[in-house]
Student: 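Here it is: the structure, laid out below.
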Protein chains: 2
Amino acid sequence: MTQRYRLHGRVWIEGPEGTFLGYGRVVLLERIREHGSITAAARSMEMSYRHAWKLVDSMNRQSRCPVVEKSTGGRGGGGAVLTEAGERAIACFWSAYRDFKAFIDERTQKLDLS
Amino acid sequence: MTQRYRLHGRVWIEGPEGTFLGYGRVVLLERIREHGSITAAARSMEMSYRHAWKLVDSMNRQSRCPVVEKSTGGRGGGGAVLTEAGERAIACFWSAYRDFKAFIDERTQKLDLS
DNA sequence: TTGCGTTATGTTCCGCTGTGCATTACGCTT
DNA sequence: AAGCGTAATGCACAGCGGAACATAACGCAA
């Protein structure tokens, strides 16, 4: 049966300056790994470059080791690559996110509303 | 020790039209129970009456039985009282909210970021 | 030296959410 | 009949986050 009410929610990881990792930020990191540049990553998820750059900057500032290494100029104009710290950040968030999803699904079953 | 990163999050209960119960909505219901009117409840939490009324209306539309019964005119100009269904809604949300808080605290301990 | 594509950064614009204000309806009290 | 404090509802305005646009800096290639 389809139930009338469902529990929903969001989670993110906070760092020294506020949000450090969230769903969108982590997807952005994955797109950077895939495309090799902030520009292409942003375009692939229909996000403005301006916004994507700010997110990457925020993550880099709050991480002990940068999650993305950027280069300007040169062959292809430059680019951005995910670091090992970036890989760990992605894994850390998805792990918590999976647990959160499981919690939501399970807790929705226990909702007690007539 | 104070850790560098913490898991944060929000939860709410969705109904047929979108958000049905969230933190602010449930506090509003409690204030209505306490003050006996939407006007006083809204003022007590520094929310505009306009907004508070819309939230109550949204909750009433999505609940099988209204969570708040309103009356206009009469002694004192009217007012609003929490129904039994409203009480159950409050209890249902806080119960899920407590479990969520416990999940967040516990999961924060397991965060694995250098 | 010119061209290219990217990073970097400021400025303006838009859409959404909630506030603030004005007005009406209501029903008890005096 | 007049006054009151509330619910109900429309409309203009403000604040904010992100989008869109415009440049500049950079470094390799041709």
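Throughout, a chain's letter reflects where its sequence line sits, starting with A, and its residues are numbered from 1.
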Student: For the residue pair A:W12 and B:R10, establish whether any side-chain heavy-atom pair is separated by less than 4.5 Å.
Tutor: yes
Student: Give a yes or no on this: more than 12 heavy atoms of other residues, nucleotides or ligands lie within 6.0 Å of atom CZ of B:R61.
Tutor: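 Yes.
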Student: Tell me yes or no: between the side chains of B:T19 and B:R25, is some donor less than 3.5 Å from an acceptor?
Tutor: no
Student: Go through the steps to decide whether B:F100 and B:W94 satisfy the test ring pair (Phe, Tyr, Trp, His ring centres under 6.0 Å), and finish with yes or no.
Tutor: CA-CA 9 Å; B:F100 174 68; B:W94 284 138; over 10 Å; no
Student: With B:T108, which residues qualify under side chain to side chain donor-acceptor pair (under 3.5 Å), at least two apart?
Tutor: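 Listed in chain order: nothing, the list is empty.
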Student: Could you give the distance from CG (A:L111) to CZ (B:F93), rounded to the nearest 0.5 Å?
Tutor: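 Between A:L111 CG and B:F93 CZ, I get 10.5 Å after rounding to 0.5 Å.
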Student: Within the 4.0 Å limit for protein heavy atoms, which parts of nucleotides 25-30 of chain D are touched? Write it as a string from 5' to 3', B for base, S for sugar-phosphate only, - for none.
Tutor: -BBS--
Student: Check side chain to side chain donor-acceptor pair (under 3.5 Å) between A:D105 and all other residues, then give those that pass, not counting sequence neighbours.
Tutor: none
Student: Does A:S95 have any side chain to side chain donor-acceptor pair (under 3.5 Å) partners at least two apart in sequence or in another chain, and if so, which?
Tutor: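 Counting only residues at least two positions away or on another chain, A:S95 forms a side chain to side chain donor-acceptor pair (under 3.5 Å) with B:R107.
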Student: Just by distance, do the side chain of A:S63 and the backbone of A:P66 share a donor-acceptor pair under 3.5 Å?
Tutor: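 Such a contact is absent between A:S63 side chain and A:P66 backbone.
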Student: Where along residues 26-63 of chain A does a heavy atom fall under 4.0 Å from DNA chain C?
Tutor: A:S37, A:I38, A:T39, A:Y49, A:R50, A:W53
Student: So, applying side chain to side chain contact (heavy atoms under 4.5 Å, CB included) with B:I32, which one of B:V27, B:V68, B:T39, B:V67 is it?
Tutor: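 So, applying the side chain to side chain contact (heavy atoms under 4.5 Å, CB included) to B:I32 and each of B:V27, B:V68, B:T39, B:V67, only B:V68 qualifies.
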Student: May I ask you to list the residues of residues 7-21 of chain A, by number, that have any heavy atom positioned under 4.0 Å from an atom of DNA chain C?
Tutor: none
